[in-house]
Amino acid sequence: MTTPPAARTAHPAVTPESVDLSVEIGPLRLANPVMTASGTAGLGLEMEPFWDLSLAGAVVVKTITKLPRRGNPMPRLAETASGLLNSIGLPNKGIDHFVDVVLPKLAGKASCLVVNLAGGSVAEFAELAARLDGRPGIDALELNISCPNVEGGNLPFARDPTVVERLVAQVRRATTLPIVTKLSPNVDDIAAVARAARAGGTDAISLINTLLGMSVDWRTGRPGLGTVVGGLSGPAVKPVALRMVYEVVRNVDVPVIGIGGIVDADDALEFLTVGASAVQIGTAHYRSPDVVPRVVEGLRERLAAAGRRRVAEQIGTLRVG
Ligand code: SIN
């Protein structure tokens with residue numbers, strides 16, 4: 001007698017549709033743990049031809065600064081083996097344009113909207129945060145203290161725990177919105193920086209931003225990027241990102257959002273297993289703009305197949321030894 005397909009299923013009661021994907025990141029409750037990473041989905045609106053923004057756990061917009069920025073000289077992107085170098089330089093039209101023009105179009109479209117900010121000083125971060133406080137449609141702020149592509153820019157913030165604590169504390173005083181602080185991998189002790197951000201009052205940590213790197217064409221002698229050095233992202237950085245998430249979750253009591261080289265649901269589940277409460281997807285957008293809804297569906301399928309009724313059951317299940 002042949003066994004009917006349903007009876008062969010290891011966990012017949014769990015279907016992909018029934019898996020609860022909701023997660024909590026401090027005060028934020030997301031419908032699912034899959035977020036866009038700042039920059040790679042533009043201001044969010046650019047993704048609308050590909051998928052409904054409400055399908056993401058959260059949409060994170062490209063970094064907003066106080067004044068408009070033109071960005072860095074071309075070329076700003078260079079492909080490498082399993083990775084992408086960028087030196088974009090935070091081009092944007094400034095916070096006035098964001099508040100007056102972009103936000104009215106964006107508000108209400110994402111189930112959670114996170115605005116990524118960068119200031120040229122601690123005071124400017126706080127000023128930007130205050131400007132967005134109480135604006136309808138914004139659910140959280142992400143502090144970009146880790147962009148490697150701004151001359152004399154904000155990477156030094158991310159490298160000094162004392163400055164990180166002061167910066168986050170000033171932003172904390174300036175806003176009632178949940179704060180996510182985005183850390184750089186270009187530091188000696190990632191846990192020390194995360195601890196400082198937590199002491200300053202951050203609600204969550206996101207990591208990693210890009211790893212400093214460069215490429216060169218030996219025939220022409222030309223570097224791949226106009227600024228020579230930029231930030232590496234994509235699958236090449238995933239092991240580094242996993243290691244840094246691991247170091248933070250082991251050492252600091254703070255919710256973590258994992259970023260780095262995620263292209264599918266398996267990658268996302270690796271970050272959750274190590275202890276991230278959610279993930280952000282960046283570089284993969286350039287290859288498949290529908291990667292976010294695809295990963296959400298992939299999570300449902302894989303978790304159901306593993307007999308998990310809730311994605312939260314998977315978080316922090318790393319088994320060592
Ligand atoms: C950029 O605009 O240069 C990239 C943003 C970042 O790495 O934070």
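Order of appearance sets the numbers: ligands from 1, and atoms from 1 within every ligand.
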Exercise. Under a 4.0 Å heavy-atom cut-off, which residues neighbour ligand 1?
Worked result: K62, N86, I88, G89, L90, N144, C147, P148, N149, N209
Exercise. Is any side-chain N of the basic residue among E165 and R195 closer than 4.0 Å to the acidic one's carboxylate O?
Worked result: no
For this session: Count the heavy atoms belonging to other residues, nucleotides or ligands that lie under 6.0 Å from CD of E46, then report whether that count exceeds 12.
Result: yes
Problem set entry | N/O donor-acceptor pair under 3.5 Å between R135 side chain and R131 backbone | yes
Exercise. Just by distance, do the side chain of R69 and the backbone of G94 share a donor-acceptor pair under 3.5 Å?
Worked result: no
For this session: Would you check if there is a donor-acceptor pair between the side chains of E124 and S121 at a distance under 3.5 Å?
Result: no
For this session: For S184 and N209, test the side chains for any donor-to-acceptor distance below 3.5 angstrom and give the result as yes or no.
Result: no
